[in-house]
Structure formats: C-alpha cells, structure tokens
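One structure is given here, and the rest of the page talks about it.
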There are 2 protein chains.
Amino acid sequence: MAKLAREQLVEFSSECSLPAALEVVGERWAFLILRSAFLGMRHFEDFQSTLGIARNILADRLARFVERGIMERRPVPDDRRRVEYRLTEKGWALTPTLVALRQWGERWETGTTAQPVLVDVADGLPVREVTVQSHDGRVLGKGDMRWAVEGSAEDGGAPAKAGA
Amino acid sequence: MAKLAREQLVEFSSECSLPAALEVVGERWAFLILRSAFLGMRHFEDFQSTLGIARNILADRLARFVERGIMERRPVPDDRRRVEYRLTEKGWALTPTLVALRQWGERWETGTTAQPVLVDVADGLPVREVTVQSHDGRVLGKGDMRWAVEGSAEDGGAPAKAGA
DNA sequence: GCCGGTAAGTATCATATTGCAACTCAACCT
DNA sequence: AGGTTGAGTTGCAATATGATACTTACCGGC
C-alpha cells in the first residue's frame, strides 16, 4: 500500500469509523462474549460460567451491547426469571470480523485449527479464509491495494467511488 | 448457524484461537496503532501525535507488538535517534480483520464512508466488502453457515472426538 | 404457602491498566 | 556550546477489571 501524506493520516484518524467500531467491540471480553453468542448462547449464566468472566463485568458488557444495538434483551415468557440476549442483525454483521480474527489467531498464534469449524450448510465444507478482495473478487495481498482519497484517480485508475 | 451442545461450547471456549488473537490485538489502542501502521506511519512521534495516545502506553504497545512478532523495531541509520516500527508479515496479515471492522463501523455506526478508501492498485476501484465465503466463493450469510465438529458430516455424523 | 435452588443481576472492595505531565538522555543542528 | 528532536521513562491520579458476597424475583416440590 502506498504511503499517504501526513495530513491525510491525521484526517483519516479523526473521521475513520474504526474508532467508532472499537467503542462498541474494543473492550476486553467483548469479542469473547460475542463469540459465545455466535455459537448459540443466550443466557447470563451460560456466558458467565463458560467464559469465567466476573458477573459485574458481564452485566455491564451485555447492557452496553443492548444499548449499542448489537444484542437484544428479552424476557423468556416460560420462565420469568430468565432473560435472553440474542444478536441483532447488527451483531451478526460482525461475523466476518470475528472469523477473520480467529483465522489469524489460528494461522499465526496457535498454529492449529480449533473445533468447531465454521462450515457451509450447503455442502459441509469449511469456509474460505477471509480476505480483502477487489471489486471482481480477486484476492488482494499487501502490495495489491492502496489508500486513495475521494475521487482522486492518483495513478490514472478509475475514480474511486466511496466503498471501502 | 445451528446451535451446539453446551459441552461443545465450553470446549470451543478453551481451545479456540480467538483468545490467543485477542491477547495480541485485544487491548485498547492496538487496532488504532495498527491502522496508523497500515497507512504508512513508522515512528513513535507520529503514532503519538496523530492518535493522542499516552506516551507510556504507546511505548508499551509497540514493545508488545515487537515481542509478539507483529512489528519489527529497527534503528534508522541516517539518524541514530530515530527508530522505525514496521509491520511484519504477521502484522500485515491482520488486514482483513481491520478492514472488516472498519467496514462494519461504516455500515452500522458512522453510516458514512470515510477517506481514504482502500482501493485495488490495479484498477483503482474500492475493495469489496469483506465477507465469509464458501470454499467456492459464494458469500455466506447468517443462515448459510454452521459450526461443525471435526470431520463429522451433517447432523448425527461421525462421533465428535474431543481434544486437539 | 414454606423451602431449597436457580437466574440475573448489584454492592463492595482489592488489584490492574490507563492517562497525564514532567523528566531523561542521546543525538542532531547551527 | 546551546537549543531542539526523537524515543522513550517515572510517578502519581483516574479508570477499569476481578473476586466475592449479597439481593431480588421466581420456580418446583411438598
């Protein structure tokens, strides 16, 4: 990726949506709680006992998730002690992020593929590695992409319309 | 995604590589520092001034990144006060995660596409949305994937061996 | 309609992490 | 020499996290 001028970096820093995302999922435990939710967990006690997280922290995180629209909190009609936390569409939309992070950990940290594995329901085969791809689906490596500003065609390429 | 038995969830929790990944990039500031590095920043003062992070924390994060193999620290020969921090291959491998997170923030938090945008150097067009895909490249949505254990086919497949 | 137990939290206090500002210290610049 | 820059430390205040204990509402059996 080509270097940018320093002013552009500063600008990027201030208006990028990464900080916004991190405000929601950047705290300790956030991804781990989400992972449990992705796997089907829904109740306070389940999150608590499997993760070993302190109860007050868990309560705080769940409340924040609900507040930020990542999870929905709803009482269970059958048993009025129980409450269900379930992912909203916004929450499910974090799947690629979570999978990418896990795959990175497998490749570069643990070195092993852990169970269970995420597979395609259609054929039971494991999902692909999550990658950054061009508009037409080519997998892009480190040298194949660059940061571009607005409609500036930089090296003569087509005007970059909003998208990344 | 289909639900898993509770035992499987617990097992997953303990051996999944997500915690391993989070140990490296799960702290506050980690992704923001990485973002700056992806954009081409290399020096302590640049990270510090653009991010506004406390100097001691920055020093700590950079040292940890180096320790974990995400960045490489090397003195600049021309000016022996200066030090360069640059991403290793392992660090660059976090690109999909970072891009996925940023895209999520754009879609669900800020609602706008921020500058600069990541584009394909070949044609200058913005990269695709990062998605989870099947082995043959179909984009998989929430209902199109499930967690499966070992080489077990569909439901009731081979006995799920624990461990690994 | 009491009793032991479960579910989802709060409250309290100890420990860790972060943030801020000032300081060091070698190296460069003039 | 004297001032400045780059890359950090140091010391202390402000937050966040963690470990228990406690509370409240509810269930199911008797």
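Computed from a predicted structure; not experimentally measured. Numbers restart at 1 for each chain; the letters A, B, ... are given by sequence-line order, proteins then strands.
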Open item on the list: Return the CD1 to CD distance between I53(B) and Q48(B), rounded to the nearest 0.5 Å.
Closed with: 8.0 Å
- [ ] Assign D60(A) to base, sugar-phosphate, or nothing according to its heavy-atom contacts below 4.0 angstrom with the strands shown.
- [x] nothing
Task: 5′-ward residue of the pair R28(A)/E84(A) relative to DNA chain C - done: E84(A)
- [ ] Anything under 4.0 Å to a heavy atom of chain B counts; send over the first and last such nucleotide of DNA chain C, read 5' to 3'.
- [x] dT18(C) to dC28(C)
Open item on the list: Pick the closest DNA chain D nucleotide for R64(A) and for R80(A) by heavy atoms, then say which residue is nearer the 5' end.
Closed with: R64(A)
Task: Any residue of residues 68-78 of chain B with a heavy atom less than 4.0 Å from an atom of DNA chain D - done: R73(B)
For residues 61-69 of chain B, which side-chain N or O atoms pair as donor and acceptor with protein atoms under 3.5 Å away, sequence neighbours left out?
| from | atom 1 | to | atom 2 | distance (Å) |
| --- | --- | --- | --- | --- |
| R61(B) | NE | R28(B) | O | 3.3 |
| R64(B) | NE | E27(B) | OE1 | 3.3 |
| R64(B) | NE | E27(B) | OE2 | 3.2 |
| R64(B) | NH2 | E27(B) | OE2 | 3.3 |
| R64(B) | NH2 | D60(B) | OD2 | 3.1 |
| R68(B) | NH2 | E109(A) | OE1 | 3.1 |

Open item on the list: Give me the atom names and distance for the closest heavy-atom approach of A21(B) to L101(A).
Closed with: CB-O, 3.7 Å
- [ ] Tell me what R55(A) touches on the nucleic acid: a base, only sugar-phosphate, or nothing, going by heavy atoms under 4.0 Å.
- [x] base
Open item on the list: Under the rule for salt bridge (Lys or Arg N to Asp or Glu O under 4.0 Å), what residues qualify as partners of R55(B), not counting sequence neighbours?
Closed with: E45(B)
Task: Exercise: identify the closest heavy-atom pair between D136(A) and R128(B) - done: C-NH2, 3.8 Å
TODO: For N56(A), report the nucleic acid contact type (base, sugar-phosphate, nothing); a contact means any heavy atom under 4.0 Å.
DONE: base
Open item on the list: Taking any heavy-atom pair under 4.0 Å as a contact, classify Y85(B): base, sugar-phosphate, or nothing.
Closed with: sugar-phosphate
TODO: Can you measure from CG (D123(B)) to OG (S134(A)) and round to the nearest 0.5 angstrom?
DONE: 6.5 Å
TODO: Tell me what R82(B) touches on the nucleic acid: a base, only sugar-phosphate, or nothing, going by heavy atoms under 4.0 Å.
DONE: sugar-phosphate
Task: Start and end of the DNA chain D segment that chain A contacts, any atom under 4.0 Å from a heavy atom - done: dT17(D) to dC27(D)
Task: For N56(A), side-chain hydrogen bond (donor to acceptor under 3.5 Å, both in side chains) partners two or more places apart - done: none
Open item on the list: Can you give me the bend angle of the helix from dG1(C)-dC30(D) to dT30(C)-dA1(D)? Use the axis through the first five pairs and the one through the last five, nearest 10 degrees.
Closed with: 20°
Task: Residues which pass salt bridge (Lys or Arg N to Asp or Glu O under 4.0 Å) with E72(A), listed by chain and number, not counting sequence neighbours - done: R74(A)
- [ ] Any salt bridge (charged side-chain N to carboxylate O under 4.0 Å, His left out) involving residues 110-120 of chain B? Give me the pairs, sequence neighbours left out, ordered by first then second residue.
- [x] R138(A)-D120(B)
Open item on the list: Checking R107(B) now: which residues fulfil salt bridge (Lys or Arg N to Asp or Glu O under 4.0 Å) with it, not counting sequence neighbours?
Closed with: none
TODO: Under the side-chain hydrogen bond (donor to acceptor under 3.5 Å, both in side chains) rule, collect the residues that match up with T110(B), sequence neighbours excluded.
DONE: none
Task: Non-neighbouring partners of V83(A) that pass side-chain contact (heavy atoms from CB on, under 4.5 Å), sequence neighbours left out - done: R73(A), Y85(A)
TODO: Please determine, by modelled atom types, if T131(B) and Q133(B) share a side-chain donor-acceptor pair under 3.5 angstrom.
DONE: yes
